[in-house]
Amino acid sequence: MAKIIVVTSGKGGVGKTTTSAAFATGLALRGYQTVVIDFDVGLRNLDLVMGCERRVVYDFVNVINGEGSLNQALIKDRRVENLYVLPASQTRDKDALTLKGVARVLEALKKRFEYIVCDSPAGIEHGAIMAMYFADEALVVTNPEVSSVRDSDRIIGMLASKTRRAVQNMPPIKEYLLLTRYIDKRVDRGDMLSSKDVGEILAIPMLGIIPESPTVLQASNAGIPITLDNNSEAGVAYLEVVARFLGEEPPKRPKKSIFKWFSSTKN
Amino acid sequence: MSILDYFRIDSQKSATVAKERLQIIVARQRSNRSDSRALDFFIPKMQQELLDVVKKYVEIDNEQVKMHIEKEGDYEILEVNIPLPEEKLRKLR
């Protein structure tokens with residue numbers, strides 16, 4: 001049975017698109033048929049982060065409007081088997097996404113894919129609701145920073161009230177916290193919220209902590225999902241997130257020792 | 001070393017302050033949420049029923065209907081927005 005996962009946050013710039021690209025790539029690397037959809041109509045960027053911006057011909061809105069087929073719009077990744085991107089439209093606005101239209105496209109994708117990753121736009125408006133509406137699980141991307149934590153709490157509230165599972169009285173969306181841009185040193189110094197603090201405040205299970213890393217910018221510069229960079233501590237952390245999502249418990253890594261941690265994850 | 005220690009103590013406070021502020025604001029956010037949760041619960045059903053009634057008389061598109069509740073001070077306002085397409089108005093059954 002296909003699973004729909006929304007990557008959401010409320011606040012912009014916390015790493016939703018980076019996470020969507022990394023997470024979807026990670027799932028595909030594990031052999032799952034995976035598609036990642038850009039819901040940020042009007043401000044598409046997933047194509048850039050995935051490095052397929054020059055291959056976009058038809059987009060999500062075209063498919064909804066019947067102007068192009070799903071097969072025409074889906075872009076097959078050239079590096080990873082089983083990985084596809086469904087880009088957003090750049091020229092339309094978010095209202096182009098209708099509940100009916102999105103439902104129809106997701107139903108078609110469910111027949112072909114095992115995991116459908118929805119990259120949500122920032123905000124709590126129509127576009128963000130469309131991205132979360134049909135989700136089975138949610139990754140709430142949060143930075144250890146007051147505005148991001150507050151917005152995440154808002155989004156958690158919406159996941160529990162504005163989605164199909166909430167409206168139709170189905171079992172609720174499984175929510176996971178993903179803490180990004182985390183800097184151990186600053187947490188130790190006491191000038192950054194710790195993972196424990198954020199976990200306590202938002203009170204949803206923590207799927208992983210992604211350390212702040214210059215490799216994330218380098219990867220997006222090059223259009224390479226960070227999970228394809230084996231030398232990036234952020235990439236490794238995302239692979240651990242994927243493993244935990246799939247129900248595996250990755251080996252505990254000792255704090256502050258990246259070298260030990262690398263050898264322990266490779267076993 | 002003493003200067004470093006000074007900064008250490010000073011900055012130790014900021015994460016703690018952040019946590020305390022967040023706990024308060026999040027608690028407030030959640031109390032608002034539970035108020036509206038009860039309403040959210042019947043809204044979709046009521047929306048469908050209202051739609052069914054309106055549809056008896058006028059052909060309307062489900063997607064066009066917008067319904068939400070707004071809080072204003074002590075009371076709440078239920079807003080229902082149904083644009084009626086003029087050319088599709090048809091006779092009473």
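The chains referred to below are lettered A, B, ... by the order of the sequence lines, with proteins before strands, and numbering in each begins at 1.
- No part of A/R186 comes within reach of chain B, as not one of its non-hydrogen atoms sits under 4.5 angstrom from that chain.
- A distance of 10.0 Å separates CG in A/D197 from CD in B/E20, rounded to the nearest 0.5 Å.
- Annotation for A/R112: atom CZ counts as buried by contact number, over 12 foreign heavy atoms lying within 6.0 Å.
- If you measure heavy-atom distances from A/E200 to chain B, the contacts under 4.5 Å come from the side chain alone.
- Annotation: salt bridge (charged side-chain N to carboxylate O under 4.0 Å, His left out) contacts involving residues 92-103 of chain A, sequence neighbours excluded, comprise A/D40-A/K94.
- Of the inter-residue distances, the one linking A/D153 atom CG with B/R28 atom CZ reads 12.5 Å to the nearest 0.5 angstrom.
- Atom CD in B/Q29 sits 8.0 Å away from atom CG in A/D151 (nearest 0.5 Å).
- Summarising the local packing, CZ of A/R44 is surrounded by more than 12 heavy atoms from other residues, nucleotides or ligands at distances under 6.0 Å.
- Shown here for A/G190 and B/S14, the closest heavy-atom pair between the two residues is O-OG, 3.8 Å.
- Atoms NZ and NZ, on A/K196 and B/K19 in that order, are 5.0 Å from each other to the nearest 0.5 Å.
- Inter-residue side-chain proximity for B/L22 and A/L193 is flagged as met; some heavy-atom pair is nearer than 4.5 Å.
- At most 12 non-hydrogen atoms from other residues, nucleotides or ligands lie less than 6.0 angstrom from CZ of A/R154.
- Heavy-atom neighbours of chain B within the stretch residues 59-69 of chain A, taken at a separation under 4.5 angstrom, are nonexistent.
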